[in-house]
J.: 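Here's a structure for you.
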Amino acid sequence: MFGFRKRRAVKRIIANTLKLLLVIYILIFVVGPLVYKYSYSLQRSVIFLNFVNIPPNPDYSDPPKYGIYGVRNFYLTTDDGIKLGVWQILPNRLLNKNITMDENYYRKALKNGQDVIIYNHGNSGNRIVAHRIELYKVLRKNFHVIAYDYRSYGDSSNIEPSEVGVVNDSKFVCKWVRSVTSSNIFVWGHSLGTAISTHTLALLNAENIVPTGLILESPFNNMRDEISEHPFSKMFRHLPWFSYTIIEPMQENNFTFQSDKHITKVDCPILILHAKDDMIVPYYLGEKLYKTAVANRLETQGKVHFHSFDENLNYGHKLICRSPELEDILKQVTFDNFIM
Ligand SMILES: *[C@@H]1O[C@H](CO)[C@@H](O)[C@H](O)[C@H]1NC(C)=O
Ligand SMILES: *[C@@H]1O[C@H](CO)[C@@H](O)[C@H](O)[C@H]1NC(C)=O
Ligand SMILES: *[C@@H]1O[C@H](CO)[C@@H](O)[C@H](O)[C@H]1NC(C)=O
C-alpha cells in the first residue's frame, strides 16, 4: 500500500519535472528566437554590444590612468552633428618628456611625418579597453595611432547605432585624418571593426579617397555566416527555425556587414591577421574573406596577404597584439609589399 503511494508520488514528480522542462525548452528555443526575430533593438544590441561599457566610469581625458602616456583626448563633430571621442596616440619617436606636449605639439606631430593608423575597434567597450591599449602600444613603435569611438560607444554621442551609422562615423574620421596630415594612412579594423573598415573603404573609393593599406584583424566574411558561427548562437543552430528567426531578420534589418562584397572595392593592399584558436570569429571565416578578396582582385588593386597564428600561441580573438612578430609583419607589409 505504502509502496504504491510512493510510486505514484514519484511518477507525479517526474511528470511535473518533464512539464517544467518542456516549458523551459519552449521559452528558450521557441519564444526566445521569436522575440529575437521581432525585436530590432535586441538584434542591434547583440551585434553592437554597445551597452557593455568596460572599464566602469571611464575617464577618457586621463589616459595615464590606463597606463598609456602621450595621448591627446579630443572630440570631432561629424556632418550629421554627431560627437565622436578620439585619442591621438603619439608615436614613441615623438614622445618628449622635456617639454609640455600641448595641443599645438600634437597637431604639428600629426601633420607630417610618421605613418598614421586609424583604429576601428570591434563591438563592446570603448577606446580604453585593455587589449586595445595593448595594441596601441605596439603600433606606436612605428605609427601614429588615431583611435575613436563610434556613435553610442564611449563618450561619443549616444545615438542608436546601425551599420550605415557607424560606417558614416568611420568615413568621417578617415576624411578628417586625410585633411590634417600628409602622411600615409592605414586603416586597421578588429572584429566588427573589420566589417566597418571594409565597408568604409568601399564607399570612400567612390570618392577617390584611398588609404595606403587596410589591416583586418580577426575578420569575418559577412554577418550571416558570423552569426551562424558565433558561440552564442551555437545552441540554437540545430533548430529548424534558426534561419527564419535569427538569420533572416538581421538581413532584413540591414545588419548585413558584407565584407566579402565590399572588399572587392578596396583599392589598396590588404593584410589579414587571424589566430587559429579564435572562438568568437572562426578562423575559416577570415580565410573565406581572404579567398573571396583574392578571387575578385585586379592586380592594380594591390596584394592581399594572409597571416595566421597557430593555436598554441593562444592569441584567440583579441591578443594578436602579443605576437612578437607583429612589428615585423607590419613592417614587411607596409614598407615593402605595399609599394606597387
Ligand atoms: C631631454 O633632456 C635630457 C637632459 O637634458 C636629454 O639628455 C634628452 O635627450 C632630452 N630628450 C629629448 C627627447 O629631447
Ligand atoms: C550617413 O551619411 C549620409 C550622408 O552624409 C546621410 O545622408 C545619412 O543620413 C547618414 N546616415 C546615418 C544613419 O547616420
Ligand atoms: C534597409 O535598407 C533599405 C535600403 O537602403 C531601406 O529601404 C530599409 O528601410 C532599411 N530597413 C531598415 C529596417 O532599416
Side-chain angles (χ1 to χ4, degrees), residues 32-51 74-86 118-124 126-127 146-180 185 187 189 191-211 214 220-228 230 233 241-267:
L34 279 173
V35 168
Y36 190 84
K37 173 176 167 63
Y38 291 108
S39 174
Y40 176 84
S41 62
L42 183 59
Q43 293 164 27
R44 191 184 61 215
S45 302
V46 164
I47 288 191
F48 292 103
L49 293 180
N50 53 322
F51 58 91
F74 65 102
Y75 298 88
L76 292 173
T77 305
T78 73
D79 305 330
D80 307 326
I82 288 163
K83 183 188 90 169
L84 302 178
V86 187
I118 299 171
Y119 181 73
N120 287 328
H121 70 60
N123 67 4
S124 84
N126 47 53
R127 62 192 183 279
I146 297 291
Y148 68 100
D149 280 297
Y150 320 103
R151 62 187 65 189
S152 85
Y153 290 90
D155 54 352
S156 295
S157 291
N158 192 10
I159 290 178
E160 283 182 10
S162 62
E163 179 169 354
V164 180
V166 292
V167 167
N168 269 5
D169 297 344
S170 155
K171 250 173 80 180
F172 182 84
V173 171
C174 284
K175 286 181 170 179
W176 178 81
V177 174
R178 185 68 292 165
S179 74
V180 296
I185 297 173
V187 175
S191 196
L192 186 69
T194 63
I196 296 168
S197 304
T198 310
H199 194 165
T200 299
L201 293 205
L203 292 177
L204 285 178
N205 192 18
E207 301 179 38
N208 283 320
I209 301 172
V210 182
L214 171 65
F220 53 89
N221 55 334
N222 58 56
M223 190 52 82
R224 181 189 285 274
D225 282 6
E226 169 54 20
I227 283 293
S228 315
H230 197 279
S233 63
W241 51 88
F242 178 67
S243 179
Y244 174 73
T245 55
I246 311 278
I247 302 291
E248 293 313 324
M250 292 172 86
Q251 298 295 310
E252 286 154 21
N253 286 332
N254 298 337
F255 298 124
T256 54
F257 293 97
Q258 292 171 283
S259 296
D260 46 3
K261 179 179 109 189
H262 300 304
I263 206 163
T264 62
K265 298 197 198 92
V266 173
D267 285 352

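These numbers were taken from a predicted model, which means no experiment stands behind them. We count ligands from 1, going down the list as the structure has it; atoms in each ligand are counted the same way.
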J.: Looking just at side-chain N and O atoms, do Asp149 and His121 make a donor-acceptor pair shorter than 3.5 Å?
T.: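 A donor-acceptor contact under 3.5 Å links the two side chains.
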
J.: Is Asp79 close enough to touch ligand 2? Criterion: a residue heavy atom under 4.0 Å from a ligand atom.
T.: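 Checking ligand 2 against Asp79, which is what was asked, there is no heavy-atom contact under 4.0 Å.
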
J.: What residue pairs, at least two apart or across chains, pass salt bridge (charged side-chain N to carboxylate O under 4.0 Å, His left out) with a residue in residues 243-259?
T.: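 Qualifying pairs, neighbours excluded: Arg224-Glu248.
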
J.: Any non-hydrogen side-chain atom of Phe255 less than 4.5 Å from a side-chain atom of Ile227?
T.: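 Heavy-atom side-chain distance check fails, nothing below 4.5 Å.
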
J.: Within the distance-only criterion (no hydrogens, no angle test), does the side chain of Gln251 pair as donor or acceptor with the backbone N or O of Thr256 below 3.5 angstrom?
T.: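 No; judged by distance alone, with no hydrogens or angles, the pair does not exist.
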
J.: Less than 3.5 Å apart, any donor N or O on the side chain of Asn205 or Asp267 sitting next to an acceptor on the other?
T.: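 Yes, side-chain donor-acceptor contact under 3.5 Å.
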
J.: Which protein N or O atoms sit under 3.5 Å from any N or O of ligand 3? Give atom names and distances.
T.:
| unit_1 | atom_1 | unit_2 | atom_2 | d |
| --- | --- | --- | --- | --- |
| ligand 3 | 2 (O) | Asn254 | OD1 | 3.2 |
| ligand 3 | 2 (O) | Asn254 | ND2 | 2.3 |
| ligand 3 | 11 (N) | Asn254 | ND2 | 3.0 |
| ligand 3 | 14 (O) | Asn254 | ND2 | 3.3 |

J.: Hey, are Tyr75 and Asp155 close enough side-chain-wise for a donor-acceptor pair under 3.5 Å?
T.: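 The criterion, which ignores hydrogens and geometry beyond distance, is satisfied for Tyr75 and Asp155.
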
J.: Under 4.0 Å from any heavy atom of Asn168, which atoms of ligand 2 are there?
T.: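 Those qualifying, in numeric order: 1 (C), 2 (O), 3 (C), 8 (C), 10 (C), 11 (N), 12 (C), 14 (O).
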
J.: Which distance, rounded to the nearest 0.5 Å, do you find between the CG of Asp79 and the CZ of Phe172?
T.: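 Rounded to the nearest 0.5 Å, the CG-CZ separation comes out at 5.5 Å.
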
J.: Just let me know how Arg151 lines up against ligand 2, side chain, backbone, both or neither, with a heavy-atom cut-off below 4.0 Å.
T.: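 Near ligand 2, Arg151 shows its side chain, while the N, CA, C and O stay back.
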
J.: Nearest 0.5 Å, please: how far is OG in Ser152 from CG in Asn158?
T.: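 Asn158 atom CG to Ser152 atom OG measures 6.5 Å (nearest 0.5 Å).
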
J.: Hey, is Ile82 touching ligand 2 through its side chain, its backbone, both or neither, going by heavy atoms under 4.0 Å?
T.: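 Neither; no heavy atom under 4.0 Å.
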
